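Everything below concerns the one structure shown next.
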Amino acid sequence: MDLNKKFTPETWPEHPERATLEAKNKFVGFWLFLGGETILFATLFATYMALKNKGPSGFGFSTQELYQLPLVFVMTLLLLTSSLTSVYAMHHMKNYNFKKMQLWLAITAILGLCFLGLEVYEFSHYVKEGFTFGNSAFSSAFFTLVGTHGFHVAIGLVWVTLLIFRNAKRGLNLYNATKYYTFSLYWHFIDVVWVFIFTVVYLMGVIG
Amino acid sequence: MSSVAQKRGFGAALWDWMTTVDHKKIGILYLIGGGFFFVVGGIEAMIIRLQLLKPNNDLVSAGLFNDLITMHGTTMIFLAAMPILFGFMNYIMPLQIGARDVAFPFINSLGFWMFFFGGLFLNISWLIGQVPDAGWTSYASLSLASTGHGIDFYAIGLQIAGGGTLMAGINFLVTIINMRAPGMTYMRMPLFTWTTFVASAMILFAFPPLTVGLFFLTFDRMFGGNFFDHTMGGNTIIWEHIFWIFGHPEVYILILPAFGIFSEIFSIFSRKRLFGYPAMVFATVLIGFLGFMVWAHHMFTVGLGPTANAIFAVATMAIAVPTGVKIFNWLLTIWGGSISMTTPMLYALGFIPSFVMGGVTGVMQGAAPLDYQLHDSYFIVAHFHYVIVGGVVLAILAGVHLYWPKMFGTMLSETLGKITFVFFFVGFHCTFLIQHWLGFWGMPRRVWTYMDGQGWNTANLISSIGALLMAIGVIVLVINIIMTTVKNVRVGNDPWGDGRTLEWAIPSPPPFYNFTQTPLVRGLDTVYIEKMEGNTTMLTPAEPVQDIHMPNGSIIPFFMTFGLFIAGFGAMFHQETSWGLPLLIFGLAWIFVSMAMRSVKDDLGFYVTKEEIQRDIDNARKGGRN
Amino acid sequence: MMKGLKKWRLFSLLAVLTVFLAGCGQQELSTLLPAGQVGKDQFKLLMLSSGIMLFVILVVVAIYVVALIRFRRSKLGDDFIPEQVEGSQKLELIWTIIPIILILILAVPTVYYTYKLGDVKAMEEVDDNGDAKHLVVDVTAKLYWWEFEYPDLGIVTAQELVVPTKEKVFFNLKAADVKHSFWIPAIGGKLDTNVENLNKFYLTFDQESEGLKDGVFYGKCAELCGPSHSLMDFKVKTLPRDEFNAWAKNMKATADKTAVANEDGKEVFEASCIGCHATSGAGEGGSQGPNLAAFGDRNRIAGFLEHDEEKLKEWIKNPQKIKPGNTMPSFEDQLSDQELNDLAEYLLGLSVEQ
Amino acid sequence: MAEIEMYKRSPIEQDLFVRRSKETMRGQVMMFSLMIFMTICSFTFVVAFQQGVEGFTKYMVIPVLFLFAAVQVALQLYYFMHMKDKGHGVPQMFMFTGAVFAFLIPLTFVTIVWW
Ligand code: HEA
Ligand code: HEA
Ligand code: CUA
Ligand SMILES: [Cu+2]
């Protein structure tokens with residue numbers, strides 16, 4: 001496939017993310033990957049639910065005392081908004097507007113970074129309070145579940161940064177359109193997982 | 001291709017295999033790797049049987065025996081049976097759907113190397129002398145209590161190999177979804193392709209839980225986690241659930257491709273279309289789905305309570321119905337056919353009674369209250385070897401004989417093939433039939449030795465003799481392979497004469513781009529249709545001769561996996577050594593750099609020109625290739 | 001043809017039957033000779049399911065053999081091209097429905113027995129005096145031995161379970177270190193001993209163990225638990241209720257028993273062993289080593305060794321060699337031969353039966 | 001691989017294309033507002049529960065939380081990730097299967113890991 005083929009907004013295909021066979025493969029493959037990720041997180045959630053508040057005798061932490069809703073709320077808004085900004089990016093991708101797409105992606109990345117920063121803050125706060133990874137089954141399950149999500153966010157950030165810089169000079173083509181598109185799928189998926197995290201972990205945790 | 005490789009010398013050939021992304025070569029690599037581990041696992045099995053030959057035997061120590069059963073189970077399932085099946089899937093499935101390669105050739109190669117290095121990692125434990133010893137199920141209380149690095153090898157090795165499996169699964173799925181030749185609708189796909197599809201879908205959903213479970217185990221053993229430590233609030237039953245949520249689908253991941261191979265064989269060597277094709281497809285999908293609903297039948301005695309046991313018992317028994325549909329459809333395929341007793345067909349015919357016997361004992365175990373007696377007794381060992389050896393291994397042996405000419409262009413000796421079959425088949429029943437009774441008579445599984453006077457002596461002796469016969473069978477097969485390779489008598493496109501699907505319409509071995517022109521598929525068993533219409537090329541092209549786009553080879557998969565391998569050792573030794581942590585970080589950085597290299601360097605592949613292809617076609621016409 | 005087939009069938013049935021009868025195994029540990037209600041229920045299920053399965057196998061093999069006889073290419077000729085049949089809805093319906101019926105026939109008793117055998121409500125029942133109505137035994141599985149505590153009777157034994165016949169005996173099962181599984185094949189199916197929870201079930205013992213080969217039923221550990229998993233046997237002695245009561249009373253009395261077989265041995269024992277082993281059968285479980293109050297009455301040492309002085313001394317000298325991975329230290333270097341002899345005599349004299 | 005064919009949209013087609021894509025975008029923003037709204041509701045309900053506001057019992061709040069979460073996820077998948085669009089049959093099938101198993105696993109864990 002020719003990388004140098006130049007498009008105009010008029011010739012840019014309606015579904016650039018799956019215009020070639022390679023692109024279709026990536027597109028379907030990535031969806032399947034997300035299907036597998038669903039089960040991965042389901043297992044983590046299941047374990048968390050089974051081990052919630054379980055610790056050694058005399059264990060002093062409970063979900064109710066630990067979690068702080070305001071922080072979680074801010075994090076939620078950040079991530080949800082970043083989901084919308086990546087929708088904007090894809091909107092511009094489909095309209096062959098490379099500059100705007102890059103811009104919106106950059107905003108997405110910044111929002112994601114803020115989210116990650118808050119998460120790091122949250123974790124370090126817990127650790128300071130003595131709620132460490134190794135202090136109980138509950139803490140292990142909590143840090144693993146939420147940490148795996150955070151890890152996914154971090155991967156997404158690296159990915160989008162690489163995409164933005166790698167393609168800055170090259171512009172949109174049918175080769176990298178799929179990459180941008182799968183990134184946005186990934187990013188939405190992270191958001192989906194977060195919806196369950198704030199519901200199952202934090203809100204349900206506060207209810208008890 | 002092969003003549004070119006020879007001229008370039010050994011180093012270049014090695015490089016070629018290490019960097020290949022050709023699905024056929026990767027298929028062969030899988031077969032070699034899996035075959036190697038099959039022999040390793042088989043030797044472990046032989047030692048197990050020798051130890052149990054007579055009461056109070058002390059050929060191996062108690063600890064070593066546990067190492068042996070654990071490694072035997074793990075090796076056979078993860079490193080032998082699955083990779084060998086992957087070999088067939090890789091080689092045959094794209095040919096069956098008329099594709100030029102799999103969807104992600106690069107990832108295909110990555111998947112293979114991850115399997116290989118994962119297996120290597122696991123088996124290095126023998127060199128260090130700290131071997132996994134908690135059974136292939138590694139139940140958490142024991143696997144946390146186990147000292148040394150044995151279980152660490154298990155957790156990390158399987159993690160690496162499992163990652164490779166997951167990639168292979170996604171790859172096969174996308175290939176089948178997107179790369180079928182024109183006219184190859186879902187309901188025209190050969191059954192081996194269908195079973196590959198369903199097995200891959202099961203991999204997609206079954207392996208993530210294993211990944212998570214192994215991470216938990218790794219965390220608990222090496223990084224201070226508490227998932228399974230009940231003194232810290234953990235729960236060992238979680239491991240059991242996670243393991244079997246993976247583990248039960250896993251056994252169907254093994255058996256479905258085996259079913260696929262047999263479906264091809266029955267149809268080819270009866271000269272008959274598969275009876276009830278749509279029902280076969282439906283049954284395959286149903287087995288795949290139900291396979292996820294029954295995992296707790298491995299946990300009937302854990303104490304889940306009568307309600308859970310009853311539900312899972314009934315769900316388990318339900319699987320007998322779609323499986324039965326398959327069995328009877330096979331029987332009706334040979335019924336009214338023209339059965340030719342070739343070696344692959346012998347295996348297929350041997351498979352039917354063997355697998356039914358294994359399957360029905362599975363249903364007996366599914367009756368929960370009865371399983372209270374049978375669980376963890378030799379009856380279980382008998383059951384699963386009946387389905388695995390009588391199903392999966394027979395399919396593998398059948399597949400080797402069936403596809404050998406397609407892969408290497410030369411036919412395995414039929415006489416030696418039949419000798420192998422007789423030894424293996426007789427040995428197999430001799431080994432495992434009697435074990436049902438050992439279970440009834442109260443012999444628990446995973447016992448290192450047994451006291452005299454419990455009435456188990458003769459039965460164990462018979463069982464061990466059977467294992468010996470199986471070994472002889474395998475050795476004859478090895479001899480067969482060597483002799484065939486040395487003789488190297490070339491064969492044509494359709495060496496069995498009765499091929500029905502696309503892979504039999506192209507040269508043996510196929511050119512690296514598979515099809516000179518993408519074929520047009522005109523129905524189920526398209527090659528058979530063409531043959532009946534007197535088409536000597538056996539194919540109707542769907543496109544004119546044109547340039548073919550092929551992917552470039554790459555060494556990066558090998559490198560990436562090597563990074564994982566290094567990181568694995570780092571993780572394992574990070575607690576007691578000063579170099580562990582740096583090694584872990586170095587390994588991870590290595591992987592990251594390889595990945596970045598891959599993503600920065602665009603891989604656009606290359607073209608095989610029209611002229612080259614036309615030349616190949618002309619050569620073939622002149623009979624140069626055949 | 002038909003007649004021949006019938007004869008063949010009869011013959012094979014007989015053959016299977018003889019294999020079954022000759023192959024029932026040994027009374028003290030075979031699931032095919034059940035000696036309790038639970039085991040019998042499970043045996044019934046075994047017979048029912050075996051019958052169904054045998055039927056399935058026979059049907060499959062029958063079709064298969066006929067097909068093989070009739071449709072070989074050597075018979076039909078090399079050029080024969082069979083009709084390409086697509087399928088048959090009627091046939092396919094038949095072989096979907098018949099298996100479903102067979103499965104249902106098996107599923108109903110399965111569910112019934114699952115609930116029946118899982119019913120432990122009676123465990124907590126008390127009579128008018130507030131005493132437990134049924135015998136309850138707390139079983140603790142340890143590396144690699146079994147502790148049996150009778151909380152209502154205030155006694156403890158190890159390695160040998162003693163129970164009354166012809167009544168329900170309830171069990172509380174747990175593991176002290178890693179997971180094990182409690183299995184008495186001749187009496188009834190197993191239940192795991194988990195590390196984090198208590199499992200409950202019941203068994204009934206219909207037959208007195210007196211007349212058996214070793215005078216006991218065999219019990220096994222059925223979950224891999226480390227190197228000596230295969231040596232983690234225990235024995236079950238079943239007594240009529242009145243004899244059981246007498247036994248329990250004697251056990252209780254070991255607390256203040258004075259008769260000692262060898263005084264020197266007792267001294268050695270109190271110097272080296274008492275930290276882990278109790279010699280009184282009264283009290284609670286939870287000690288580090290098996291309770292030895294009834295040691296003289298056992299028929300095995302550590303669950304599987306011959307019960308004689310020689311083996312006992314070997315055991316005390318180096319238990320690790322005999323049962324790798326168990327938690328008893330070796331006394332080879334600590335004890336002189338004389339001390340060992342005394343010790344052995346003393347231990348073999350510990351009995352509640354005389 | 002055959003080259004993909006370049007197709008040039010006429011000005012009218014292009015106009016329509018742009019208009020449609022704007023409309024889609026507007027729809028997305030609507031869905032986003034809905035999601036934010038539900039998120040705020042969820043948090044508010046929980047705070048209300050914490051404060052002991054009458055009517056906000058466990059049995060009312062928890063189902064609502066899950067309902068909102070499910071709706072949000074559906075919106076993400078169907079709108080943001082375009083699963084409602086054509087050509088998403090395969091993703092739908094696999095995500096559905098995944099969702100079924102993802103529902104089952106936690107369910108069994110909370111029911112049968114706890115005795
Ligand atoms: C290829 C692998 C494979 C396959 C295909 C199967 C197939 C089946 N298995 Fe097996 N199983 C294993 C591999 C496999 N198993 C392994 C490895 C273990 C042990 C793991 C360990 O503990 O280490 C195990 C353990 C295992 C257990 C747990 C036992 C225990 O530990 O207590 C159970 C319990 O229900 C079970 C049941 C079944 C059933 C019902 C089927 C069914 O799918 C079988 C269906 C087939 C038929 C029934 C025959 C054909 C049908 C007909 C001819 C129709 C008519 C039939 C009837 C009406 C009955 N298996
Ligand atoms: C794919 C899976 C698979 C396969 C194929 C096999 C194959 C065999 N297994 Fe299996 N086995 C398992 C999976 C498998 N097994 C599992 C999962 C367990 C449970 C482990 C656990 O409890 O954790 C188990 C456990 C197990 C046990 C029970 C151990 C115990 O509980 O104590 C036994 C005992 O008889 C046994 C025997 C055999 C034998 C004799 C074969 C034979 O079929 C092997 C045949 C192959 C050979 C004999 C190879 C011959 C090759 C040579 C001799 C070398 C020649 C080489 C050259 C000339 C170059 N196995
Ligand atoms: Cu205890 Cu096995
Ligand atoms: Cu299973």
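Each chain gets a letter, A, B and so on, in the order its sequence line appears, and its residues count up from 1. What you are looking at is a predicted structure, and each value in this text was computed from that prediction instead of being measured.
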Quiz item: Under a 4.5 Å heavy-atom cut-off, does chain C meet the side chain of Tyr528(B), its backbone, both or neither?
Solution: side chain
Exercise. Determine the option with the most heavy-atom pairs under 4.5 angstrom with chain B, choosing from Gly118(C), Ser228(C), Ser49(C).
Key: Ser49(C)
Quiz item: So what's closer than 4.5 Å to chain C heavy atoms on Ile327(B): side chain, backbone, both or neither?
Solution: side chain
Quiz prompt | Contacting region of Ala313(B) [heavy-atom separation from chain C under 4.5 Å] | solution = side chain
Quiz item: With a 4.5 angstrom heavy-atom cut-off, which part of Asn329(B) approaches chain C: side chain, backbone, both or neither?
Solution: both
Self-check item: Residue among Tyr372(B), Phe300(B), Tyr139(B) with most heavy-atom pairs under 4.5 Å to chain C
Solution: Tyr372(B)
Quiz item: Between Tyr378(B) and His436(B), does the ring centre distance come in under 6.0 Å?
Solution: no
Quiz item: Are the side chains of Met364(B) and Leu106(C) in touch, meaning some heavy atoms are under 4.5 Å apart?
Solution: no
Exercise. Output the option from Leu438(B), Thr301(B), Val447(B) having the highest count of non-hydrogen pairs under 4.5 Å with chain C.
Key: Thr301(B)
Quiz item: chain B heavy atoms under 4.5 Å from Trp95(C): which part of the residue, side chain, backbone, both or neither?
Solution: both
Self-check item: Toward chain C, the part of Met451(B) with a non-hydrogen atom under 4.5 Å
Solution: side chain
Self-check item: Heavy-atom pair count under 4.5 Å with chain B, highest-scoring of Glu92(C), Lys190(C), Met53(C)
Solution: Lys190(C)
Quiz item: Between His180(C) and Tyr144(C), what is the ring plane arrangement, given parallel below 30°, perpendicular above 60°, and tilted in between?
Solution: perpendicular
Quiz item: Is Asp525(B) paired with Lys531(B) through a side-chain N to carboxylate O contact shorter than 4.0 Å?
Solution: no
Exercise. Give, as side chain, backbone, both or neither, the part of Leu349(B) having an atom under 4.5 angstrom from any heavy atom of chain C.
Key: both
Quiz item: Under a 4.5 Å heavy-atom cutoff, which of Leu117(C), Val60(C), Val59(C) has the most pairs with chain B?
Solution: Val60(C)
Exercise. Count the heavy-atom pairs under 4.5 Å between each of Pro322(B), Ser340(B), Ala134(B) and chain C, then report the option with the highest count.
Key: Ser340(B)
Self-check item: Contacting region of Trp330(B) [heavy-atom separation from chain C under 4.5 Å]
Solution: neither
Practice problem: List the steps, then state whether side-chain contact (heavy atoms from CB on, under 4.5 Å) holds for Thr342(B) with Ile268(B). | Solution: CA-CA 11 Å; Thr342(B) 56; Ile268(B) 292 176; over 6 Å; no
Practice problem: Would you mind checking if Lys213(C) and Glu28(C) are paired as a salt bridge, meaning a charged N to carboxylate O distance below 4.0 Å? | Solution: yes
Quiz prompt | Whether Phe71(C) and Trp335(B) hold their rings parallel, tilted or perpendicular, with breakpoints at 30° and 60° | solution = tilted
Quiz item: Do you know which of Ile63(C), Ile57(C), Val111(C), Val195(C) has the most heavy-atom pairs under 4.5 Å to chain B?
Solution: Val195(C)
Practice problem: Would you mind checking if Asp233(C) and Arg300(C) are paired as a salt bridge, meaning a charged N to carboxylate O distance below 4.0 Å? | Solution: no
Self-check item: Segment of Phe275(B) engaging chain C (4.5 angstrom heavy-atom cut-off)
Solution: both
Exercise. Sort out for me which of Arg271(B), Met357(B), His230(B) touches chain C most, counting heavy-atom pairs under 4.5 Å.
Key: Arg271(B)
Practice problem: Name the option with the most non-hydrogen atom pairs under 4.5 Å to chain B; the candidates are Ile98(C), Ile100(C), Ile97(C), Leu29(C). | Solution: Leu29(C)
Self-check item: Contact leader toward chain C among Gly276(B), Gly497(B), Pro369(B), Ala279(B), where contacts are heavy-atom pairs under 4.5 Å
Solution: Pro369(B)
Exercise. Name the orientation class of the two ring planes belonging to Trp239(B) and Phe228(B) (parallel below 30°, tilted from 30 to 60°, perpendicular beyond 60°).
Key: perpendicular
Self-check item: Heavy-atom contact with chain C under 4.5 Å, split by part of Val314(B)
Solution: side chain
Quiz item: Relative to chain C, which of Gly455(B), Pro278(B), Gly336(B), Pro444(B) shows the most heavy atom pairs under 4.5 Å?
Solution: Gly336(B)
Quiz item: Where does Ile352(B) contact chain C at under 4.5 Å (heavy atoms): side chain, backbone, both or neither?
Solution: side chain
Practice problem: Report yes or no: is the cationic atom of Lys200(C) (NZ for Lys, CZ for Arg) closer than 6.0 Å to the six-membered ring centre of Phe170(C), at no more than 45° off its axis? | Solution: no
Self-check item: Side chain, backbone, both or neither of Ser146(B) within contact of chain C (heavy atoms, under 4.5 Å)
Solution: neither
Self-check item: chain C contact via Ile334(B) - side chain, backbone, both or neither, heavy atoms under 4.5 Å
Solution: both
Quiz item: Non-hydrogen atoms of chain B under 4.5 Å away: do they reach the side chain of Leu76(C), the backbone, both or neither?
Solution: side chain
Exercise. Return the option, out of Leu191(C), Ile103(C), Leu224(C), with the maximum number of heavy-atom pairs under 4.5 Å with chain B.
Key: Leu224(C)
Practice problem: Carefully, step by step, assess Arg445(B) and Ile380(B) under the rule side-chain contact (heavy atoms from CB on, under 4.5 Å). | Solution: CA-CA 8 Å; Arg445(B) 64 190 279 206; Ile380(B) 306 297; 3.9 Å; yes
Quiz item: Is it the backbone or the side chain of Ala145(B) that comes under 4.5 Å from a heavy atom of chain C, or both, or neither?
Solution: side chain
Quiz prompt | Within the 6.0 Å centroid threshold, strictly below: Tyr386(B) and Phe355(B) | solution = no
Quiz item: Under a 4.5 Å heavy-atom cut-off, does chain C meet the side chain of Met341(B), its backbone, both or neither?
Solution: side chain
